[in-house]
Amino acid sequence: DQQVKQNSPSLSVQEGRISILNCDYTNSMFDYFLWYKKYPAEGPTFLISISSIKDKNEDGRFTVFLNKSAKHLSLHIVPSQPGDSAVYFCAAPENYGQNFVFGPGTRLSVLP
Amino acid sequence: EAGVAQSPRYKIIEKRQSVAFWCNPISGHATLYWYQQILGQGPKLLIQFQNNGVVDDSQLPKDRFSAERLKGVDSTLKIQPAKLEDSAVYLCASSLDPGGSYEQFFGPGTRLTVL
């Protein structure tokens, strides 16, 4: 079974600085990972993904890094903005890649 | 395009009562998911449909939870009878197809409180 851990329940960062959110997973049979962002009273929205053929994927201010040997992902946000304040979930594949297991989330607060 | 619709947004019931949630996925999306999100945790998959067939319901507590997706479009999730530990946000999501290459779009969720 896939297990996903996000060991930092919360993170506070000053506006303009880098935010780094970490994620660890246990089952590397299918290497395709997702990050979702969630605002209060809304459903999660897809942010960025990465597959095992890459070790980095960049989309604007958001970059995800994959370390397959360590079974570790990180999401970098540079520069951080107050609108980035949200809960961020990492998700790893399960059931032969048919669905995903979500981590417990990291609450990011970007302070002006 | 319209997003995933869910109703109701909030529901308060007493334990042992029944409750039902409704989801209308994005038009054309074959795959529909129901998740349970308990406070402080990530969404946990309850059931996954591909059109009107069940792909995965291994984590659905079948003694009290049931779900259906008639005609491969709308879906309902029912809890009968509810327990205190069922208090959570119930999220519906849809995607064009299963698998990681197809983004899941989430609805706003239904917040259930069981007293």
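Quick note on labels: first sequence line is chain A, next is B, and so on, each numbered from 1.
No part of A:Pro93 comes within reach of chain B, as not one of its non-hydrogen atoms sits under 4.5 angstrom from that chain. At a 4.5 Å heavy-atom cutoff, the contact between B:Gln37 and chain A is made by side-chain atoms alone. For a residue to count as touching a neighbouring chain, one of its non-hydrogen atoms must lie under 4.5 Å from one of that chain's; by this rule B:Arg9 touches chain A with the side chain only. Heavy atoms closer than 4.5 Å to chain B are found in the side chain of A:Phe89, but not in its backbone.
The hydrophobic clustering, which links ILVMFWY residues whose side-chain heavy atoms are closer than 4.5 Å, places A:Tyr88 and A:Leu34 apart. By the criterion of side-chain heavy atoms lying less than 4.5 angstrom apart, applied directly or through intervening Ile, Leu, Val, Met, Phe, Trp or Tyr residues, A:Ile20 is not grouped with A:Leu108; the two fall into different hydrophobic clusters. A:Phe62 and A:Leu11 fall within the same hydrophobic cluster, where Ile, Leu, Val, Met, Phe, Trp and Tyr residues are linked whenever their side-chain heavy atoms come under 4.5 Å apart, directly or through other members. Note on B:Leu77 and B:Val89: separate hydrophobic clusters, where clusters join Ile, Leu, Val, Met, Phe, Trp and Tyr whose side-chain heavy atoms are under 4.5 Å apart, directly or indirectly. Side-chain heavy atoms closer than 4.5 Å link hydrophobic residues (I, L, V, M, F, W, Y) into clusters, and following such links, even through other members, never connects A:Val87 to A:Leu21.
Contact annotation: the side chain of B:Gln41 never approaches that of A:Phe102 to less than 4.5 Å [non-hydrogen atoms, C-beta and beyond]. Taking the side chain as every heavy atom from C-beta outward, B:Phe105 and A:Phe46 never approach each other to under 4.5 Å.
Between the OG1 atom of A:Thr45 and the CD atom of B:Glu103 there is a distance of 8.5 Å, given to the nearest 0.5 Å. The structure places CG of B:Leu91 at 7.0 Å from NZ of A:Lys38, a figure rounded to the nearest 0.5 Å. For the atom pair OH of B:Tyr35 and CZ of A:Phe100, the computed distance is 8.5 Å after rounding to the nearest 0.5 Å.
In the displayed structure, B:Glu14 atom CD is contacted under 6.0 Å by at most 12 heavy atoms of other residues, nucleotides or ligands. Within 6.0 Å of CG in B:Leu39 there are 12 or fewer heavy atoms belonging to other residues, nucleotides or ligands. Environment of CD in B:Gln80: sparse, with no more than 12 heavy atoms of neighbouring residues, nucleotides or ligands closer than 6.0 Å.
Of the residues B:Val55, B:Thr31, B:Leu45, the one that meets the side chain to side chain contact (heavy atoms under 4.5 Å, CB included) test with A:Asn99 is B:Leu45.
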One pair to check against side chain to side chain contact (heavy atoms under 4.5 Å, CB included): A:Tyr36 and B:Phe106. What are the steps and the verdict?
CA-CA 10 Å; A:Tyr36 278 79; B:Phe106 283 83; 3.6 Å; yes
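When A:Gly103, A:Pro44, A:Ala41, A:Pro9 are compared by the number of non-hydrogen pairs under 4.5 Å with chain B, A:Pro44 comes out ahead.
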